[in-house]
Visitor: 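There's a structure below that I have some questions on.
The sequence lines fix the lettering, A, B, ..., with proteins before strands; numbering per chain opens at 1. Nothing here was measured: the structure is a model prediction, and the numbers come from that model.
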Amino acid sequence: MLDIRRIRQDPETVARLLAKKHVEVDLDVVQRLDAKKREITLHIERLKAQRNQASEEVSQRKKRGEDVTGLIAETRLVGEKIKELEASLEPIDQELQDFLYTVPNTPLPQVPEGESADDNQEMHRFGEVPRFSFPAKPHWELGEMLEIIDFERARKISGSRFSLMRGMGARLNRALINFMLDHARERGYQEVAPPYLVNEASMLGTGQFPKFAEDAFHVVPHDYYLIPTAEVPLTNLFRDEIITGPFPLKFTAYTASFRAEAGAAGRDTRGLIRQHQFDKVELVRFEEPQGSEAAIEEMLRDAESVLEELELPYRTVMLCGGDMGFGQALTYDIEVWMPSYGKYVEISSVSNMTDFQARRANIRYRPSGVKKTEFVHTLNGSALAVGRTIAAILENYQRPNGHVKIPDVLRSYLDDKELI
RNA sequence: GGAGGGGUAGCGUAAUUGGUAACGCAGUGGUCUUGAAAACCACCGCCUUCGGGCUUGCAGGUUCGAGUCCUGUCCCCUCCGCCA
């Protein structure tokens, strides 16, 4: 959520920044509602002051045994007027609130102009793209041949866009989770095992709601939502709290993630790339505002180094305005080389949300030496998406006979085995 | 799921027939001190257009006025049932 005062004071700048995200927002509506709200609120508060004073007087005069029927009747009218005004304020406030919840975050100045992924700015590359002297296979074929991934049975058990892993596949999955969690812990992130089902307030706090409700799985009779990412429970750790630091506060969690993938019909239908359920190790940080720009660089390195240790080729891009998400102020995508796609595929997204989520979720801190509270900055990033990492390992490490070499760094998690 | 009890500042506790949220501890600043402790003083929920407004889990209702009365709801505890 944007600071209403920013819109009030400088709507042109806000509109220009949102235009960079290729979003058009009618800020006149916001300003009109805001002005109306403030006018009515002022009026209500004056009447309340009057009523509070009158009530106090009733109390005093009653103690002295005086007659107060006239004063009470008079004050009743003030109360009725307050009720009237509050009734008129309610729909205005609701409309303003609803509107503000749908306005995206503004991008930081360094975000490149552009409207699609084609306009993203490449930052750097790592590793050599493998060249195979034999016909390389896509990971879904390798996975089925090696009997470590079973798409058909997952379809029977659940439906399309589900998969299951067996034997060395399941072990590789678990090895990656452990490796990634250990890696994050070594870098100072506290491990968390959060709930997978969250309430509506949590989804609103991180920005999934109200705009992207159709992407979430809703557990209807109980009114819970399956988390689309561990970012949701982790960022909501401190919802409605004033945190005392010391900053940065860094957390990591392995969770399954659930996405309806509405609007992705027909895309990435084969393999592990786009599933309704996938495993992911997530990083979340809470920072003082002045620390968030350095923090995202550090966090990017935290994620990139996972791929470097796995010796998987990747490139890092800074997303252009038009390709960025709703709540992000700055986003780096890390894309791993996927031979079956013949291109780099997103495996991690690292973002600075600035104070956007903190305002929605009301997460504040007290800057040292200052009495007033301020909103923290939140950041999040995947380190990494496990299914896509498995796909990348299978494809990049495949041998002519269909077997797959296990990356060195995972061997200790897999009884020192060398091959799958 | 059922029955009972409870939710007041970080923690622990108050508040007359409904009368406008109090106290202790902890914390912060200061005085004193070589320094510290102790003692003493002040501050010690949120917002504010600085007039004031809001705040007893949350949302409503009754009332001039609600921690207190009423309705709904969430959470916690105890017991029972069920359950990995």
Side-chain angles (χ1 to χ4, degrees), chain A residues 1-11 30-94 96-98 100-101 193-205 209 218-225 233 236-247 249 255-256 286 355 358-376:
Chain A
M1 187 151 57
L2 298 182
D3 185 355
I4 182 73
R5 280 171 295 198
R6 257 180 89 194
I7 298 173
R8 198 184 292 151
Q9 282 159 15
D10 193 0
V30 179
Q31 288 180 285
R32 207 177 59 239
L33 290 169
D34 176 50
K36 192 80 194 159
K37 177 190 168 177
R38 289 197 296 157
E39 182 196 320
I40 297 173
T41 303
L42 185 68
H43 199 163
I44 288 174
E45 289 196 359
R46 281 192 185 136
L47 290 175
K48 279 185 173 175
Q50 192 184 329
R51 184 183 63 183
N52 288 345
Q53 211 181 334
S55 286
E56 178 61 28
E57 201 179 327
V58 168
S59 175
Q60 295 302 321
R61 283 164 64 170
K62 259 191 162 175
K63 272 180 196 160
R64 295 197 297 264
E66 297 174 19
D67 176 57
V68 287
T69 48
L71 184 55
I72 285 177
E74 210 175 288
T75 311
R76 180 183 296 131
L77 295 178
V78 177
E80 278 163 12
K81 183 69 188 168
I82 289 170
K83 231 170 238 180
E84 231 171 80
L85 284 167
E86 281 177 338
S88 74
L89 179 62
E90 214 238 29
I92 292 165
D93 198 29
Q94 191 64 51
L96 179 62
Q97 204 58 243
D98 290 349
L100 285 175
Y101 273 130
Y196 290 12
L197 291 168
V198 298
N199 56 33
E200 188 181 356
S202 292
M203 294 290 269
L204 196 66
F209 282 10
H218 189 188
V219 183
V220 177
H222 305 286
D223 213 18
Y224 289 121
Y225 296 89
N236 277 283
L237 267 177
F238 298 120
R239 171 152 52 84
D240 292 323
E241 291 191 39
I242 298 170
I243 53 185
T244 50
F247 292 96
L249 289 165
T255 69
F286 300 84
D355 61 359
R359 279 181 195 285
R360 294 178 157 243
N362 193 30
I363 307 167
R364 293 171 293 172
Y365 79 109
R366 228 177 281 279
S368 59
V370 184
K371 190 178 184 309
K372 232 174 120 51
T373 58
E374 247 183 86
F375 292 105
V376 300

Visitor: State the pairing partner of C40(B); accept Watson-Crick or G-U wobble contacts with both distances under 3.5 Å, and report none otherwise.
Guide: G30(B)
Visitor: Rounded to whole angstrom units, what separation is found between the NZ atom of K37(A) and the P atom of U49(B)?
Guide: 14 Å
Visitor: If I pick the C1' atom on G27(B) and the same atom on G72(B), what distance separates them, to the nearest angstrom?
Guide: 38 Å
Visitor: Would you say N236(A)'s side chain and S202(A)'s backbone share a donor-acceptor pair under 3.5 angstrom?
Guide: yes
Visitor: Taking G67(B) as the reference, what is the distance to U20(B) when you measure between their C1' atoms (whole Å, please)?
Guide: 11 Å
Visitor: Rounded off to whole Å, could you give me the CD1-to-C1' distance for the I243(A) and G10(B) pair?
Guide: 15 Å
Visitor: Send over the distance from H43(A) NE2 to U49(B) C1', rounded to a whole Å.
Guide: 16 Å
Visitor: Looking at U71(B), which nucleotide sits across from it as a Watson-Crick or G-U wobble partner, both distances under 3.5 angstrom, or is there none?
Guide: A59(B)
Visitor: Rounding to a whole Å, what distance do you find between E241(A):CD and G45(B):P?
Guide: 18 Å
Visitor: In whole Å, measure the gap between the C1' atoms of A15(B) and U73(B) for me.
Guide: 27 Å
Visitor: Restricting to pairs with a member in residues 42-52 of chain A, which pass side chain to side chain donor-acceptor pair (under 3.5 Å), not counting sequence neighbours?
Guide: K48(A)-E86(A)
Visitor: Does G18(B) pair with anything, Watson-Crick or G-U wobble, both distances under 3.5 Å, and if so, with which nucleotide?
Guide: none
Visitor: Between C1' on C47(B) and CZ on R359(A), what's the gap in Å once rounded to a whole number?
Guide: 14 Å
Visitor: Please test Q60(A) against E56(A) for side-chain hydrogen bond (donor to acceptor under 3.5 Å, both in side chains), starting from the C-alpha separation and ending with a verdict.
Guide: CA-CA 6 Å; Q60(A) 295 302 321; E56(A) 178 61 28; 2.8 Å; yes
Visitor: For this output row, return yes or no: ring centroids of Y365(A) and F375(A) closer than 6.0 angstrom.
Guide: no
Visitor: Counting just side-chain N and O atoms, does R364(A) come under 4.0 Å of either OP1 or OP2 of C47(B)?
Guide: yes
Visitor: I'd like to compare against my own output: the B/S/- annotation of nucleotides 52-69 of chain B with a strict under-4.0 Å heavy-atom distance to protein.
Guide: SSS-------S-BS----
Visitor: Any strand counts, and the cut-off is 3.5 Å on both contacts for Watson-Crick or G-U wobble. Which nucleotide pairs with A3(B)?
Guide: U78(B)
Visitor: Say you draw a straight line from CG of D240(A) to CG of N362(A); how long is it, rounded to the nearest 0.5 Å?
Guide: 5.0 Å
Visitor: Any strand is fair game: report the nucleotide pairing with C54(B) by Watson-Crick or G-U wobble, both distances under 3.5 Å, or none.
Guide: G45(B)
Visitor: Parallel, tilted or perpendicular: which one describes the rings of H218(A) and Y225(A), with boundaries at 30° and 60°?
Guide: parallel
Visitor: Does G51(B) fall in syn (glycosidic angle within 90° of 0) or anti?
Guide: syn
Visitor: If we check salt bridge (charged side-chain N to carboxylate O under 4.0 Å, His left out) with D34(A), which of these qualifies: K36(A), R38(A), K37(A)?
Guide: R38(A)
Visitor: Measure from CD1 on I40(A) to P on U48(B) and round the result to the nearest Å.
Guide: 20 Å
Visitor: Which nucleotide, if any, forms a Watson-Crick or G-U wobble pair with G24(B), using both distances under 3.5 Å?
Guide: C11(B)
Visitor: With rounding to the closest Å, how many angstrom separate the P atoms on A21(B) and C44(B)?
Guide: 15 Å
Visitor: Using atom P of each nucleotide, how far apart are C46(B) and U56(B) to the nearest Å?
Guide: 15 Å
Visitor: Touch check for R5(A), heavy atoms < 4.0 angstrom, all strands: base, sugar-phosphate only, or nothing?
Guide: sugar-phosphate
Visitor: For L2(A), does its backbone N or O pair with a side-chain atom of R359(A) as donor and acceptor, under 3.5 Å?
Guide: no
